[in-house]
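Have a look at the structure below before the remarks.
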Amino acid sequence: MNQCVGTQAVVVKSTDLSGDDCNWQVIYTYEITCGDFQEQIKIMYEGGDITVPTLNNGAQVPADQTDLNLCFDAIPVGPSADAIAALYSDNCSEVIVVKKGSPVGNDCEWTVIYSYEITDACGNEAQEVKITYSGGDTEAPMLNKKAVIPTGEVGVNACFLNKSQGPSEEEIADLFSYNCGNVNVVKTASSKGTDCKWLAVYEYTISDDCGNFAEPIIITYKGYDQNAPVLNGVPDDITVSCIDELPSLPNVTAIDDCTKKI
């Protein structure tokens with residue numbers, strides 16, 4: 001460096017940068033001139049983004065939700081890919097989120113796991129986020145607003161064979177609404193007695209397709225034969241002068257609603 005004694009050195013720096021955030025190289029070239037002395041120095045750096053996206057300070061991933069009382073067609077769709085991406089930041093690029101997951105099951109029992117793959121533009125992948133939802137229909141059929149459950153009846157004027165039959169299963173089902181699926185009604189009948197006094201009890205078991213049961217309905221009827229027998233063949237009154245003019249005895253019968261001819 002004796003050539004530089006008393007002479008100020010001049011350094012010219014040039015930069016050669018290539019690549020991108022994921023893989024780059026830069027070469028710095030220093031041209032040093034000092035009098036008649038010249039020298040070139042090159043310094044090279046190489047690198048790229050190897051930092052995964054990180055959860056923002058204070059941000060929280062949505063929690064799982066289980067035992068939800070929902071039908072299959074009302075399953076939560078879960079956070080969008082953009083909503084999850086907004087929870088993260090990256091040192092070089094935008095955060096890229098790919099959402100996957102489809103529900104399985106039916107109205108009675110279903111589950112869905114949404115998985116979120118979180119990366120940056122260089123393929124650095126953060127820990128996968130998984131959010132689970134599960135549930136099913138746990139709600140029994142409910143009585144419709146303004147619907148009135150039929151009541152029983154006492155003092156019914158009917159024979160045992162003609163006793164009240166109660167509402168049909170379809171009529172009771174129409175009184176209810178349901179959360180998922182259909183309202184199912186099973187009618188059970190029991191009766192005892194005679195034409196003179198009888199009792200009929202109808203019980204309706206109400207459920208949906210998932211086995212959720214509403215309060216059963218019980219309708220009771222009581223009755224008996226209240227109609228007196230009706231005479232048939234009674235002749236009109238007649239007047240005769242002599243006993244030998246009396247007509248022959250008529251064939252008079254009595255017919256009853258329940259016991260028929262007497």
As an exercise, state the distance from CG of D64 to OH of Y114, rounded to the nearest 0.5 Å. 12.5 Å

Working note: C22 + C122, criterion disulfide (SG to SG under 2.5 Å); need CA distance, chi angles, decisive distance, verdict. CA-CA 5 Å; C22 304; C122 297; 2.1 Å; yes

Just by modelled atom types, is the P53 backbone N or O under 3.5 Å from a matching donor or acceptor in the D120 side chain? no

Please state whether the sulfur gamma atoms of C180 and C108 sit closer than 2.5 Å to each other. no

How about E139 and N212: do any of their side-chain heavy atoms sit closer than 4.5 Å? no

Would you say the side-chain atoms of D208 and N179 include a donor-acceptor pair closer than 3.5 Å? no

Would one find more than 12 heavy atoms of other residues, nucleotides or ligands at under 6.0 Å from atom CD of Q127? no

Distance col, row S18:OG vs E46:CD, nearest 0.5 angstrom, shows 8.5 Å

Look at the side chain of Y204 and the backbone N and O of P167, then say whether any donor-acceptor pair between them is shorter than 3.5 Å. yes

Is any side-chain heavy atom of K163 closer than 4.5 Å to a side-chain heavy atom of S191? yes

Please report the shortest heavy-atom distance between L70 and W110, naming the atom on each side. O-NE1, 2.9 Å

Donor-acceptor contact present, side-chain N106 to main-chain C210, <3.5 Å: no

Quick check on the hydrophobic clustering: are Y202 and V186 connected, directly or via other members, by side-chain heavy-atom contacts under 4.5 Å? no

Look only at the side chain of N91 and the backbone of D49, and say whether a donor-acceptor pair between them is shorter than 3.5 Å. no

State plainly whether one hydrophobic cluster holds both V26 and I43, where clusters connect Ile, Leu, Val, Met, Phe, Trp and Tyr through side-chain heavy atoms under 4.5 angstrom apart. yes

Would you mind reporting whether D82 and V97 have side-chain heavy atoms less than 4.5 Å apart? no

Tell me whether Q165 at atom CD has more than 12 heavy atoms from other residues, nucleotides or ligands lying less than 6.0 Å away. yes

What closest approach, in Å, do V148 and L175 show between heavy atoms, and which atom pair accounts for it? O-CD1, 3.9 Å

For Q226, does its backbone N or O pair with a side-chain atom of N157 as donor and acceptor, under 3.5 Å? yes

Applying a strict under-4.5 Å side-chain criterion to I, L, V, M, F, W and Y, I'd like to know whether I50 and I96 cluster together. no

Is there a path of hydrophobic side-chain contacts, each under 4.5 Å between heavy atoms of I/L/V/M/F/W/Y residues, joining Y224 to L161? no

Between Y116 and L87, does the side-chain contact (heavy atoms from CB on, under 4.5 Å) criterion hold? Intermediate values first, please. CA-CA 12 Å; Y116 300 83; L87 302 177; over 6 Å; no

Compare every heavy atom of I84 with every heavy atom of P62, then report the nearest pair and how far apart it is. CD-CD1, 4.2 Å

Going from CD on E31 to CD on E39, what distance comes out if it is rounded to the nearest 0.5 angstrom? 10.0 Å

As a quick check of understanding, evaluate side-chain contact (heavy atoms from CB on, under 4.5 Å) for C196 and D225, giving each step before the final call. CA-CA 5 Å; C196 302; D225 175 19; over 6 Å; no

Trace of the side-chain contact (heavy atoms from CB on, under 4.5 Å) decision for Y133 with V77: CA-CA 9 Å; Y133 299 90; V77 297; over 6 Å; no

Minimum heavy-atom separation for D90 and V52, please, with both atom names. OD1-C, 3.9 Å

Looking only at heavy atoms, what is the nearest atom pair of S93 and A121, with distance? OG-N, 3.0 Å

Would you say V154 ends up clustered with W198 if hydrophobic residues are merged whenever their side chains have heavy atoms under 4.5 Å apart, either directly or through other cluster members? no

Kindly confirm or rule out an SG-SG distance below 2.5 Å between C159 and C258. yes

State, with a plain yes or no, whether a side-chain heavy atom of L199 is found less than 4.5 Å away from one of T220. yes

More than 12 non-hydrogen atoms from neighbouring residues, nucleotides or ligands closer than 6.0 Å to CD1 on I27, yes or no? yes

Min side-chain heavy-atom separation F160-T194 under 4.5 Å: no

Nearest 0.5 Å please: distance from the CD1 atom of I172 over to the CG atom of N184. 14.0 Å

Mind checking the CD-CD spacing from E128 to E117? Nearest 0.5 Å is all I need. 5.5 Å

To the nearest 0.5 angstrom, please state how far the CD1 atom of I217 sits from the CD1 atom of I206. 3.5 Å

For the pair Y178 and D137, evaluate side-chain contact (heavy atoms from CB on, under 4.5 Å) and give the outcome as yes or no after the intermediate values. CA-CA 10 Å; Y178 46 89; D137 176 20; over 6 Å; no

So with a 6.0 Å cut-off around CD1 of I113, is the heavy-atom count from everything else above 12? no

How far apart are the closest heavy atoms of K187 and E169, and which atoms are they? N-OE2, 2.8 Å

